[in-house]
Structure formats: C-alpha cells, structure tokens
Undergrad: 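Before I ask anything, let me first share the structure, which is written out below as structure tokens.
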Amino acid sequence: MDFAYDARTNELREQLLAFMDAHVHPAEAVLAEQLADPARERWAVPAIVGDLQAEARKQGLWNLFFVDKHSIPGEHGAGLTNLQYAPLAEITGRSPQLAPSALNCAAPDTGNMELLAQFGSAEQRERWLRPLLDAEIRSAFAMTEPEVASSDATNIATRIERDGDEYVINGRKWYITGAMNPQCRILIVMGKTDPAAEPHRQQSMVLVPRDTPGVTVKRGMTVFGYDDADHGGHAEVLFEDVRVPVGNLIGEEGTGFAIAQARLGPGRIHHCMRAIGIAERALELMCRRAGERVAFGKPLAEQGVVQDWIAESRVRIEQLRLLVLKTAWLMDTVGNRGAHTEIQAIKIATPITVEWILDKAVQAHGAAGVSQDTPLAQLWAGNRTLRLADGPDEVHKRSLARRELKQYRS
Ligand SMILES: Cc1cc2nc3c(=O)[nH]c(=O)nc-3n(C[C@H](O)[C@H](O)[C@H](O)COP(=O)(O)OP(=O)(O)OC[C@H]3O[C@@H](n4cnc5c(N)ncnc54)[C@H](O)[C@@H]3O)c2cc1C
C-alpha cells in the first residue's frame, strides 16, 4: 500500500496551488464586487469566472475531472484517474465559488458531461458535449420535483409522452442548479415515459434546450437566503406541453433511473473531495483567528476547548481524506458499482463532518463567523445542502444498511 501521490498528481498539485495563489484567491474579492454591482445581469455568471477560465485553459488546468475511461480519445480531458483527480478537486474546494468553474470542473456540468459521454448518441455529443467541454455553454440536470418526495426517484411524476416523432413533456421541477444562468442552454430532464412499467423502468431522460417553447424558468430558489447567482442559481422550472424530437432521448426509453444512478456516483465523490478542501480552509481560518483573538487574558488558541476543536478537526479531515482516496481508488480499479458501499460511506460521512468543522470555525470567530466578512457562513450553507442533494443522508444509510444486513440473512 502506497500513501504517496504519484508524480503526475504532485506536478498538477503544485501547478494548481500556484494557480490558486496567483489567480483564484485574489479573484474572490473581485467576485464579491461583481456580484454586488447593481448594473449586472442578475443571473449571468460574473465576468471574473470567464477570465479565470481563460487562464486555467492556457495552463492546461482544464476538464481535469474527465477521467480517462469516459474520455473522447485524443480530444479532451487530462486523462486522470479518480485517484489522481481527488487531491486536485480538494484544492479547488478551498474556493468553491470560483475554482471548480475556473477549471470547467463544476457541478452540474461535470455530471452532465459524463452522462453525455457515456450514454449520449454521436449527434448529442457533438451538439451538446463539445460546447460544454469548451465551456461555451452551461447545462442543468432536472430531476427533483416540489410535489413528490424526490429522494425516491421512482416518485418522479413529470410525464414524457411520445407523439409521433416528438416527445411531449409536462411537469414541474425545482432546485435545478445552474438553470437561472442565461448561458445554460440545455436541460437533461428526467420523467416517466411508461408509468405502467415496473418501478425502475418507468423513467427516461430527454435533452430539452432551455429556449424550447413551453419551458418557463420561474424563479431562483434560495439556500439559507443565498441565491448562488455566482453559479447560475437553483431554478424552479415549469414544462408545459414542451415538444422535442425523439432523437433527444438519452439512451433508451425506461433507462432513466439507471442513468441517474450512474451519473450520481462520480458526482458524489467530486462533492466530497471539494468538501475536504472546504474543511481545510475552515481549519486554517479557525487556527489563525484563535491565535490572534484574545479573551480573558489569553489567545483563544490557549483555551483547551478550542484546542480540542482544532485537534478533532485535523483527525476528522485525515479520516475523511483516507476514505475518499480509497473510494477513488476503488472506482478506478473495480468500477463505480464495486465502489458502491464506499461511495455511500463518503456521502454520509463527509458533509456532516465538514459541517461540524465549519461550525467550530464559525464559533471561534464569534459574530464575524456568521457575517459576510469571512467565507464561513456561505461555506456552511453550501455544505449543509450536501446532506440533501444527491440523496439525503438517511437514504444512503438505508441502502448501505440493507446491503450490510443482507450478508447475515439466512
Ligand atoms: C442546493 C441544492 C441544489 C440541488 N440541485 C439539484 C439539481 O441540480 N437537480 C435536481 O434534480 N435536484 C437538485 N436538488 C434537489 C435534491 O437532490 C433533493 O432535494 C433531494 O434529492 C431530496 O429530495 P426532496 O427535496 O424531494 O426531499 P424528500 O424526498 O421529500 O425527503 C425529505 C426528507 O425525508 C427523509 N427521508 C427520505 N427518505 C427516507 C428514508 N428512507 N428514511 C428516513 N428518512 C428519509 C430525509 O431526511 C429527507 O431529507 C438540489 C437541492 C439543493 C438543496
């Protein structure tokens, strides 16, 4: 067993850390300024993101997430393995509003690109995947619905009905990340093509251009009050008699559930890798603050309780990282299916642990911790949603426990 990163990973880590120091961290203040500009188009991604993308691309820090087994040969992606990408994604997590987008490695586009690469037809890939890989357009993934418990995807009620050479789509979705952004040109919509089929064969996915008649992007949903306009918000979207050609179906009718499962595996590990970067940043901020702030005659850092938070944070980060790296290694060596238990384990363990660390960092900052003057409050809000998005904790625990119990069933 070798715990060291390989030479390629180390080289890219150094390059990425230098990029973060020279470009991304200084751009955080610029992003805040651009977001606060009353003249800006509210949901358009701020210009600084495009500037960073140009620089990242020039440096070859582009589409790093696109692991080799899904690559379009000779064209795109750095050809990294999950294990090589993991420590890089972690670094981008230190500035989650900017760094993942700068490298064209941000959700939901990453999952959508992988989905198109794996399941899209040659025509769909040419039309949608290519411009996504070049960050010329953005995309969204529309599964969740306000009217049904969407953590159980068999509940999805949106109808996709065939009518001659077209599919007709009717339904309502919400929390569709990225869909407020005018640059978002394509939605991957999950709905039911055959409600009479067995529960996991009722669903299909279709590509719906955002400007198709009948698509109404109604409003941006907030996350603890944040609109997340920096990465295209989270939209409520109405589909009323929306017609698309049958060629917009992804895969075959009835495969939507299976495709959704395949899409979420890599997405979950990306979120977890970045969340570890968030935890590292929180710990750094906590240590700096505790060293500087004096209460009752001594720095906070000399209080046993604060030392306990710091030590616990370090231990928990190291535990998480090992589990995430093991999961990445399994995905590379036995595939996403073989890594199912570990993918669920990191999805359960990471957001709640990072939440704990962020909470301690907030506490150590006093009122400043909940203010707009440190990144902590927004990091906390974003991280908290990871206990819901891509499957709530309870759903992953239910499934993991059932698999565990199965071994002992006589
Ligand atoms: C910021 C953010 C971004 C998102 N982005 C997207 C996106 O881009 N596209 C998209 O389609 N969706 C997106 N979502 C939606 C997200 O995936 C759903 O919220 C999630 O799947 C849960 O579905 P639900 O909200 O309908 O909750 P419900 O299904 O109503 O579940 C509510 C709660 O019930 C409990 N529960 C459910 N099942 C069980 C069980 N078996 N045992 C015990 N308790 C249980 C859980 O605590 C769960 O949180 C996003 C959500 C957020 C907050």
Side-chain angles (χ1 to χ4, degrees), residues 43 96-97 100-101 106-115 132 138-158 160 169 171-181 184 186-192 199 203-208 210 217-239 250 256-257 259-261 263-268 270-271 274-275 278 344 347-348 351-352 354-355 378-403 405:
W43 296 104
Q97 278 182 288
S101 301
D109 296 300
T110 45
N112 295 339
M113 288 188 260
E114 283 167 336
L115 189 156
L132 280 167
R138 313 306 308 174
S139 61
F141 183 74
M143 183 157 93
T144 303
E145 301 178 2
E147 278 95 11
V148 296
S150 303
S151 54
D152 175 357
T154 62
N155 284 335
I156 295 306
T158 291
I160 304 175
I169 303 150
R172 182 190 295 272
K173 303 282 184 183
W174 77 346
Y175 277 92
I176 307 310
T177 301
M180 297 305 293
N181 178 3
C184 171
I186 188 72
L187 308 167
I188 297 177
V189 179
M190 173 136 145
K192 280 192 178 164
Q203 305 79 8
S204 301
M205 283 193 198
V206 283
L207 287 156
V208 180
R210 188 171 175 268
V217 178
K218 285 191 79 85
R219 58 174 176 157
M221 308 305 301
T222 59
V223 170
F224 296 106
Y226 293 101
D227 65 12
D228 290 349
D230 53 288
H231 52 269
H234 311 282
E236 179 176 349
V237 189
L238 192 59
F239 298 86
I250 300 176
F257 191 92
I259 295 176
Q261 292 304 309
R263 179 188 181 278
L264 290 173
R268 285 172 185 144
H270 296 171
H271 278 311
R274 285 190 292 264
I278 292 174
Q344 285 187 318
K347 180 63 176 62
I348 294 163
I352 198 164
V354 176
E355 182 185 315
Q378 195 164 5
L379 291 175
W380 187 92
N383 179 74
R384 179 64 184 84
T385 68
L386 294 183
R387 295 184 52 206
L388 300 166
D390 286 0
D393 291 356
E394 294 76 14
V395 174
H396 290 295
K397 285 185 180 173
R398 170 180 178 268
S399 151
L400 203 157
R402 280 155 61 125
R403 230 176 11 264
L405 285 164

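All ligand and atom numbering here is 1-based and tracks the order in the structure. What you see below is based on every heavy atom in this structure, not just the backbone, and it leaves out hydrogens, waters and symmetry mates.
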Undergrad: Identify whether the distance between the nearest side-chain nitrogen and carboxylate oxygen of Arg172 and Glu236 falls below 4.0 Å.
TA: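 Salt bridge: yes.
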
Undergrad: Looking at atom 34 (O) of ligand 1, tell me if a protein heavy atom falls under 4.0 Å from it.
TA: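 Given the 4.0 Å cut-off, atom 34 (O) of ligand 1 does not count as touching protein heavy atoms.
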
Undergrad: Taking Lys397 for its side chain and Pro392 for its backbone only, find out whether a donor-acceptor pair lies under 3.5 Å.
TA: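 No; judged by distance alone, with no hydrogens or angles, the pair does not exist.
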
Undergrad: What's the shortest distance from atom 9 (N) of ligand 1 to any protein heavy atom, and which residue and atom give it?
TA: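 For atom 9 (N) of ligand 1, the nearest protein heavy atom is Phe141 O, 2.8 Å.
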
Undergrad: Among protein heavy atoms, which sits nearest to atom 39 (C) of ligand 1, and what does the distance come to when rounded to 0.1 Å?
TA: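 Nearest neighbour among protein heavy atoms for atom 39 (C) of ligand 1, to 0.1 Å: Val395 CG2, 4.0 Å.
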
Undergrad: Looking at Val223, which atoms of ligand 1 are within less than 4.0 Å of one of its heavy atoms?
TA: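 Atoms satisfying the 4.0 Å criterion: 1 (C).
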
Undergrad: For ligand 1, which atoms have a heavy atom of Ala389 less than 4.0 angstrom away?
TA: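 Ligand 1 atoms under the 4.0 Å threshold to Ala389: 16 (C), 17 (O).
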
Undergrad: I'd like the name of whichever of Tyr175, Phe224, Tyr226 reaches closest to atom 52 (C) of ligand 1 through any heavy atom.
TA: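 Heavy atom nearest to atom 52 (C) of ligand 1 belongs to Tyr175.
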
Undergrad: Can you list the ligand 1 atoms lying under 4.0 Å from a non-hydrogen atom of Met143?
TA: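 Selected atoms, number and element: 10 (C), 11 (O).
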
Undergrad: List ligand 1 atoms under 4.0 Å from Arg398, heavy atoms only on the residue side.
TA: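 Matching atoms, with element in brackets: 41 (N).
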
Undergrad: Inspect the surroundings of CZ in Arg398 and state if more than 12 heavy atoms from other residues, nucleotides or ligands are less than 6.0 Å away.
TA: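 At most 12 heavy atoms, drawn from other residues, nucleotides or ligands, come within 6.0 Å of this atom.
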
Undergrad: If you look at every heavy atom in Thr222 and Tyr175, which pair is closest and at what distance?
TA: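 Smallest interatomic distance, heavy atoms only, reads O-OH, 2.8 Å.
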
Undergrad: How close does the nearest protein non-hydrogen atom get to atom 26 (O) of ligand 1, and which residue and atom is it?
TA: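 Residue, atom and distance for the closest contact: Ser150 N, 2.9 Å.
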
Undergrad: Indicate the atoms forming the closest heavy-atom contact of Ser204 with Ile160, along with that distance.
TA: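 Scanning both residues, the minimum pair turns out to be O-CD1, 3.6 Å.
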
Undergrad: Can any side-chain N or O of His231 pair as donor or acceptor with the backbone N or O of Ala107 at less than 3.5 Å?
TA: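 No; zero donor-acceptor contacts below 3.5 Å.
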
Undergrad: How does His234 reach ligand 1, if at all, at less than 4.0 Å between non-hydrogen atoms: by side chain, backbone, both, or neither?
TA: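 Within the 4.0 Å criterion, His234 contacts ligand 1 through side-chain atoms alone.
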
Undergrad: Nearest protein heavy atom to atom 20 (C) of ligand 1, by residue and atom, and its distance?
TA: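 The closest heavy atom on the protein side is Leu388 O, 3.4 Å.
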
Undergrad: Heavy-atom distance from atom 43 (C) of ligand 1 to the protein below 4.0 Å?
TA: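 Yes, at least one protein heavy atom sits under 4.0 Å from atom 43 (C) of ligand 1.
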
Undergrad: Identify the heavy atoms of Ser139 and Pro108 that sit nearest to each other, and give their distance.
TA: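 Shortest heavy-atom separation between Ser139 and Pro108 comes out as O-CG, 3.6 Å.
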
Undergrad: Under 4.0 Å from a heavy atom of Pro392: give me the atoms of ligand 1 that qualify, with their elements.
TA: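 Close to Pro392: 22 (C), 46 (C), 48 (C), 49 (O).
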
Undergrad: Under 3.5 Å, is there a donor-acceptor pair between the side chain of Ser151 and the main chain of Ala149?
TA: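 It does not hold such a pair.
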
Undergrad: Taking the side chain from Glu145 and the backbone from Ala157, do they hold a donor-acceptor pair closer than 3.5 Å?
TA: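 It does hold such a pair.
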
Undergrad: Pick, from Asn112, Thr144, Val148, Thr177, the option with the minimum heavy-atom distance to atom 16 (C) of ligand 1.
TA: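 When every heavy atom of Asn112, Thr144, Val148, Thr177 is considered, Thr144 comes closest to atom 16 (C) of ligand 1.
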
Undergrad: Hey, which atoms in ligand 1 end up nearer than 4.0 Å to a heavy atom of Asp390?
TA: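 Answer for ligand 1: 17 (O).
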
Undergrad: Is it the case that the side chain of Asn383 and the backbone of Pro351 share a donor-acceptor pair, with hydrogens and angles ignored and the cut-off at 3.5 Å?
TA: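 The answer is yes, because a donor-acceptor pair under 3.5 Å joins these two groups.
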
Undergrad: Would you mind checking which non-hydrogen protein atom is closest to atom 45 (C) of ligand 1, with the distance to 0.1 Å?
TA: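 Nearest protein contact, heavy atoms only, for atom 45 (C) of ligand 1 is Glu394 CB, 3.8 Å.
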
Undergrad: Does the structure place the NZ or CZ of Arg263 under 6.0 Å from the centre of the six-membered ring of Phe141, at an angle of no more than 45° from the ring's axis?
TA: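 Relative to the ring axis of Phe141, which defines the angle, Arg263 lies inside both limits.
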
Undergrad: What is the closest protein heavy atom to atom 23 (O) of ligand 1, and at what distance does it sit?
TA: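 Ranked first by proximity to atom 23 (O) of ligand 1 is Ser151 N, 3.3 Å.
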
